[in-house]
Amino acid sequence: MATGINRNLASYGDTEFSQYMRRAFLASAGYDREDCARPVVGIVNTSSDYNTCHREMPQMVEAVKRGVLEAGGLPMVFPTISLHEINTYPTTMLYRNLAAMDTEEMIRAQPMDAVVLLGGCDKTVPAQVMAAISANIPAICEVAGPMITGYWRGQRLGACTDCRRYWARYRAGELNKREIQEVEESLCFTGGTCMVMGTASTMACVVEALGLMLPGGATAPHASGQRLKHCVATGRRAVEMIREELRPSDIVTPEAITNAITVLMALSGSTNAIVHLLAIARRAGISLTLDDFDTVARRVPVLVDCKPAGAGYTEDLHHAGGVPVLLKALESLLNLDTVGVSGLPLGNLLADVESPGDWQTTIRTLDAPLSGPGALAVLRGSLAPDGAVIKAAAASSALCRHCGPAVVFDSPEDVALRIDDPTLGITPDHVLVLRNAGPVAAGMPEAGALPIPKYLAARGVRDMVRVSDCRMSGTAYGTVVLHCSPEAAVGGPLGLVRDGDMIALDVEQRRIDLLVDAAELARRRAAFTPPALPQRGWRRLYAQHVQQAHLGCDMDFL
Ligand code: FES
């Protein structure tokens, strides 16, 4: 089989001519025959002026290149789509699969023996992992790492749990315009990814636990020498992995996926990780279901004290030892035979790692956890026959068993238009329902944590039961039922709810139910008309082929 720059030749019907042409064009960039004889490591660069989370990535790329060269490889940097959560309309989730396809196809199309995937912001990492699994050449992840925290008037701040907390206080009239502007200028203190246990930090930790990143890589801050040293080590290791023929198919096993879910629960991580892990597992041919998450959640307590479920930040987790120390704390619950990109069984790696030290409080132990099992819970019931999820650790315990009348919003735009309208007469007991925001209808935006109506916020109401077919940011909090499947747009029961219908939530019993009798629901179903699909381009292809949330929202042809 061809290797190095002779892999994936342009097709001219003459192999030697293709090789000669390739060397000729590489010579124009200064590569000689000695360079061309080296193993090639592709480096995926997701730098973009739009992606502030990847601000220092050009430096990271240089560090990875140094590592590759030191180990005798030829580094070749190439760009792919870069997705930034805040700078992408209507939601990056609409483009995760496009990024995965872009990355996979460029790995398949260009000459490389291994690939280093530089990602960070929420959807970039799962997209890259999905791509790497499908392309199945030696692959290793490196993430941007978290921002360093900022301060406002003596208060420590981090994106984006504090973004939401202060915005809620501003809506409630507790902060004035000048104060919220000062907060805005302090929230994102450096480049890097959101520095609470949102989706970016969660996925970074989950991917390290899965074995696709060298130890310690998930949490080193973006603008740190530790991050750059990790990049160099990653570059070196990529070359070694070529010689060892260590591929994603050797690493992403059912046991490794279970370890990753164990870490997700111990982190009280983002609900988005459930969707991404389902897609990742399915790419690897592993039949993972929502119920598997609930099974693990029931036996794993929360060990990490990070916002939004706790008080700390991702840099605190790093200073406490990061994922290696967390894995040590979870050792008795893990499969220790899994082998990741280091090439060593997890048990061997953990032999040299110390248990959580008593000089820190961010990583707890199984004997003294931050809170009990069940950080994330999978719900089923007449409102979500194929499942829904809730981050129970970030919900109000008083609302985890609740029955109240529905107030229905037909789209995120409808929420923005009407949520503060006092004529709706919303009370704290109401259940706020958002539909037509699922994968097919809207690309599944992070609109599930609907704002508390201003007039209730001003009275001190901070949480209400909210139910939707979309997602919420991993940095958000509240009693928020998400990912109701099937979504309203494909005929899910959420599309049949009317204002005033009673909805019952019982997290302990894992139920979410619409209390309307079957005959009435059948009448409503007969009158249901699905919304029109987008007419052209990627959005049409996406709407036609995206799978539901309980299957991971991958395209049905991938
Ligand atoms: Fe990029 Fe939060 S916006 S990680």
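Both counts, for ligands and for their atoms, begin at 1 and track the order of listing. When a residue number appears, it is its place in the shown sequence, counting from 1. Everything numeric here is computed off the predicted structure, so don't read it as measured data.
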- Note on the structure: Arg237 meets the salt bridge (charged side-chain N to carboxylate O under 4.0 Å, His left out) criterion, sequence neighbours left out, with Glu240, Glu244

- Task: For atom 2 (Fe) of ligand 1, find the nearest protein heavy atom and state the residue, atom name and distance (0.1 Å precision).
- Result: Cys194 SG, 2.2 Å

- Query: Which ligand 1 atoms, with their elements, are less than 4.0 angstrom from a heavy-atom of Cys53?
  - Reply: 1 (Fe), 3 (S), 4 (S)

- Item | Atom indices of ligand 1 within 4.0 angstrom of Glu85 heavy atoms, with elements | 3 (S)

- Query: Looking at CE of Met130 and CE of Met101, how far apart are the two atoms once the value is rounded to the nearest 0.5 Å?
  - Reply: 10.5 Å

- Within 4.0 Å of some non-hydrogen atom of Ala200, the atoms of ligand 1 are 4 (S)

- Task: Give a yes or no on whether Cys121 keeps an N, O or S atom under 2.8 Å from atom 1 (Fe) of ligand 1.
- Result: yes

- Message: What I'd like to find out is whether the side chain of Arg282 reaches to under 4.5 Å of the side chain of Asp554, using heavy atoms alone.
- Response: no

- Message: To the nearest 0.5 Å, what is the distance between OG1 on Thr92 and CG on Leu83?
- Response: 6.0 Å

- Hey, which atoms in ligand 1 end up nearer than 4.0 Å to a heavy atom of Thr193? 4 (S)

- Task: Indicate whether any N or O donor in one side chain lies under 3.5 Å from an N or O acceptor in the other, for Thr362 and Asp316.
- Result: no

